[in-house]
Structure formats: C-alpha cells, structure tokens
Colleague: 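A single structure is presented below for examination.
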Amino acid sequence: MGADEFHRWVLNHDDLMIIDVREGFEFETQHIRGSHHVPLPLLKEHTAEFAPLMATRVVLVCQSGRRAEEARKKLDAAGLTGARVLAGGVASYAAAGGDIVTGRSTWAMDRQVRMTAGSLVLASVLAGRFIHPQFRLLAGVIGVGLTVSAATNSCTLGRILSWMPWNRPVAEPTKSKILAQLAPHA
C-alpha cells in the first residue's frame, strides 16, 4: 500500500489499526500518530495471542517494508488475512504529509553501521601502516561482513549496534502491555 492510499485510510476509517513493528529506539525517534508499537520479535513470538485482538483493517509499518512484510506473513498464517504493509515505511508517510510524532533523535541504523564499518576499516588500515601489517586483516573481515550482510539482507553489525545505550528505548513494550493496548475498549 502506498503512502497516499494509507493517508486516505487514516483520514476516512475509524476502524484502522496501525501496527509499528520496528525496534523501540526507532519508534521513539519517529512514529505515526496513533500507531501501536509491537516489535517484530514480540509479534513473532505471540502472533496467536495478538492477531485476534487486531482490527479487520490493519496496516503494518516499519522503516522500509521488509519487517512489516514478515509480520504480515505471520499474521496471515494466524488467520488475519487482510493486513496490509505501508510501502516505504514511516518516511514515505511523513513525505506524504502524514501526522508523525517525533521524539528523541538518534542516527538511523544504516548510518550507524556505515560510520562504524568505515571507522573500523580506516583504523585497521592506519594501524596496519604504523603498528603492524596484520591489523589490515580487520579491513578484510569488515568487507566480508558487509558482503554477507548484503547477500543475506541481514545485518549483524546493526543488531550489535542496536544493543548500545543510545539505541535503547526508554521502555520496551511487554506482551501484557501490548495485549492491553490491542484489547477492544468498551
């Protein structure tokens, strides 16, 4: 689903439920107003419990669409077959004029990965030149890691960086908190 169509849904459907499956630090940095934060790992673990509580009109959101698509497949297997994925994620909705909540600011994960990988390569080349030639092997290891990351569409360095204190959310949602959020209110 494109951002323009999604924007029309937000304006015209009271029964719309927006599920943001990104990590906590991503959600805290920027999210769509009214969205429910259900991190993908938690959704995968408790799909059978969450799916029945979701509305019939569900749009899944992440940064690019990949994680939201994973969530859609899990929900589809649990019987929630109408869930849609917002193409281009939160950024596309913001660009379409959508209502975005902005919180604390951290660098995007891909930017953190580029900075870390680039710094490690630069440091290993300099250390290889001025300390010992074997330090240059680290540059090769980083190159292999980036190649594997691209080939598998995963990022171990990104996962490691997500554990850093600046990427940690103030409060990660729990299963019980999500269940309470998703439960129909009388």
Colleague: Restricting to side chain to side chain contact (heavy atoms under 4.5 Å, CB included), what partner residues turn up for S154, sequence neighbours left out?
Modeller: T152, R159

Colleague: Do I178 and P39 come within less than 4.5 Å of each other through their side chains, counting heavy atoms only?
Modeller: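 Answer yes - side chains close enough.
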
Colleague: Given the rule that I, L, V, M, F, W and Y join up when any side-chain heavy atoms are under 4.5 Å apart, are I142 and L126 in one cluster?
Modeller: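 No; tracing contacts between hydrophobic side chains, which count when under 4.5 Å, never links both residues.
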
Colleague: What distance separates T174 OG1 from L42 CG, expressed to the nearest 0.5 Å?
Modeller: 7.5 Å

Colleague: Applying salt bridge (charged side-chain N to carboxylate O under 4.0 Å, His left out) as the test, list every pair that has at least one member in residues 4-19; sequence neighbours left out.
Modeller: E5-R84, D15-R57

Colleague: On the 0 to 90° scale, with breaks at 30° and 60°, tag the H37-F27 ring pair as parallel, tilted or perpendicular.
Modeller: parallel

Colleague: If I compare all heavy atoms of G128 with all of F135, which pair ends up nearest, and what's the gap?
Modeller: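 Answer, listing the atom of G128 first, then F135: N-CB, 3.6 Å.
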
Colleague: Using a 3.5 Å distance criterion without hydrogens, assess whether the side chain of S119 forms a donor-acceptor pair with backbone atoms of T116.
Modeller: no

Colleague: Do L182 and I19 have side chains that approach each other closer than 4.5 Å (heavy atoms only, starting at C-beta)?
Modeller: yes

Colleague: Taking only residues two or more places apart in sequence, or in another chain, which ones meet L179 in a side chain to side chain contact (heavy atoms under 4.5 Å, CB included)?
Modeller: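 In terms of side chain to side chain contact (heavy atoms under 4.5 Å, CB included), with neighbours along the sequence ignored, L179 is linked to E49, F50, L53, K175.
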
Colleague: May I ask you to decide whether E70 forms a salt bridge with R66, counting only side-chain N to carboxylate O separations under 4.0 Å?
Modeller: yes

Colleague: Do R72 and E69 meet the salt-bridge criterion of a basic N to acidic O distance under 4.0 Å?
Modeller: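 Salt bridge between E69 and R72, a charged N being under 4.0 Å from a carboxylate O: yes.
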
Colleague: Tell me if the CE atom of M115 is crowded by more than 12 foreign heavy atoms within 6.0 Å.
Modeller: no

